[in-house]
Trainee: 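There's a structure below that I have some questions on.
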Amino acid sequence: EEQVWGIIKQHDVWSHPAYYLGWNRLSCITCIFGNANQWASAAHLYPKMVEKIAQYEEKFGLTIKQGVSVRELIDKGKIYESAAHMSGDWVHPEMNSIIKRRGIRNTKTPLPLEWELPAGAYGESDGPN
């Protein structure tokens, strides 16, 4: 993992926005393998999407994570600090443009001007990688 992030830094590559938001791997933002912090962060960024999932759990009497509901996960979790000041309105429309290299990325994004290690690097890991 250290070598991978070292290569990314060496070549000044901007990683996927999910890493800057605090996720340590890429998957669905509402991944069934997500932990409580990921679900709390997802609920902050995309409240309508997460609420719809919670309502489906209630409607069907099943949870997407065995033994715990989405609402319980959100209550147990803490929003990633790096995602706390952002909203889904910023994240979704900008996803594709900020994946590009710094020199050609959308400069309206709040990412740093100089390359820095994303908040999700070396973060908590759940599910398959």
Side-chain angles (χ1 to χ4, degrees):
E1 190 173 10
E2 188 174 325
Q3 289 175 328
V4 171
W5 284 114
I7 292 167
I8 291 170
K9 179 179 181 176
Q10 176 185 351
H11 294 284
D12 197 29
V13 174
W14 288 87
S15 56
H16 192 279
Y19 291 111
Y20 292 96
L21 293 170
W23 273 255
N24 72 316
R25 65 182 187 83
L26 298 182
S27 182
C28 302
I29 196 159
T30 54
C31 180
I32 61 171
F33 299 111
N35 62 37
N37 294 335
Q38 290 168 349
W39 276 98
S41 299
H44 169 74
L45 293 168
Y46 300 103
K48 290 179 185 176
M49 176 176 33
V50 172
E51 178 60 24
K52 188 173 185 176
I53 294 168
Q55 288 176 4
Y56 279 137
E57 285 186 331
E58 293 161 359
K59 179 179 179 178
F60 297 114
L62 300 167
T63 59
I64 64 171
K65 239 179 141 63
Q66 190 172 14
V68 62
S69 73
V70 165
R71 294 192 198 283
E72 291 169 320
L73 286 167
I74 293 166
D75 289 343
K76 291 178 185 179
K78 182 179 179 192
I79 298 170
Y80 291 132
E81 186 177 325
S82 51
H85 69 282
M86 297 185 186
S87 71
D89 292 339
W90 171 81
V91 178
H92 184 71
E94 299 296 328
M95 276 291 182
N96 291 327
S97 64
I98 63 176
I99 294 171
K100 298 174 184 173
R101 280 182 53 69
R102 182 170 40 103
I104 59 173
R105 72 182 170 87
N106 182 335
T107 56
K108 295 185 292 184
T109 64
L111 292 176
L113 295 176
E114 298 297 322
W115 191 94
E116 68 179 40
L117 190 67
Y122 306 107
E124 57 191 357
S125 181
D126 288 312
N129 290 320

Trainee: Please round to the nearest 0.5 Å and tell me the distance separating atom OG of S82 and atom OH of Y19.
Mentor: 13.5 Å

Trainee: Listed by chain and number, what are the salt bridge (charged side-chain N to carboxylate O under 4.0 Å, His left out) partners of E72, not counting sequence neighbours?
Mentor: none

Trainee: Supply the atom-to-atom distance Q55 CD to R71 CZ, rounded to the nearest 0.5 angstrom.
Mentor: 6.5 Å

Trainee: Who pairs with A42 by side-chain contact (heavy atoms from CB on, under 4.5 Å), at least two apart in sequence or on another chain?
Mentor: W23, I29, T30, V50

Trainee: Only counting residues at least two apart or in another chain, list the ones meeting side-chain contact (heavy atoms from CB on, under 4.5 Å) with Y56.
Mentor: K52, F60

Trainee: Taking only residues two or more places apart in sequence or in another chain, which ones pass side-chain contact (heavy atoms from CB on, under 4.5 Å) with I32?
Mentor: I64

Trainee: Please enumerate all residues that pass salt bridge (charged side-chain N to carboxylate O under 4.0 Å, His left out) together with E57, with sequence neighbours excluded.
Mentor: none

Trainee: With hydrophobic residues grouped by side-chain heavy-atom distances under 4.5 Å, do Y122 and V4 end up in a single group?
Mentor: yes

Trainee: First locate atom CD of Q38, then atom CG of L73, and finally report the distance between them rounded to the nearest 0.5 Å.
Mentor: 10.0 Å

Trainee: So, does K65 use its side chain to make a donor-acceptor pair with the main chain of G34 at under 3.5 Å?
Mentor: yes

Trainee: Say you draw a straight line from OG of S41 to OH of Y46; how long is it, rounded to the nearest 0.5 Å?
Mentor: 11.5 Å

Trainee: Heavy-atom count around Q10 CD within 6.0 Å, excluding the residue itself: above 12?
Mentor: yes

Trainee: Would you say that more than 12 heavy atoms from the other residues, nucleotides or ligands in this model lie under 6.0 Å from the CD of E1, or not?
Mentor: yes

Trainee: In Å and rounded to the nearest 0.5 Å, what is the CG to OH distance from N37 to Y80?
Mentor: 5.0 Å

Trainee: Excluding sequence neighbours, so at least two apart, what forms side-chain contact (heavy atoms from CB on, under 4.5 Å) with A40?
Mentor: I79

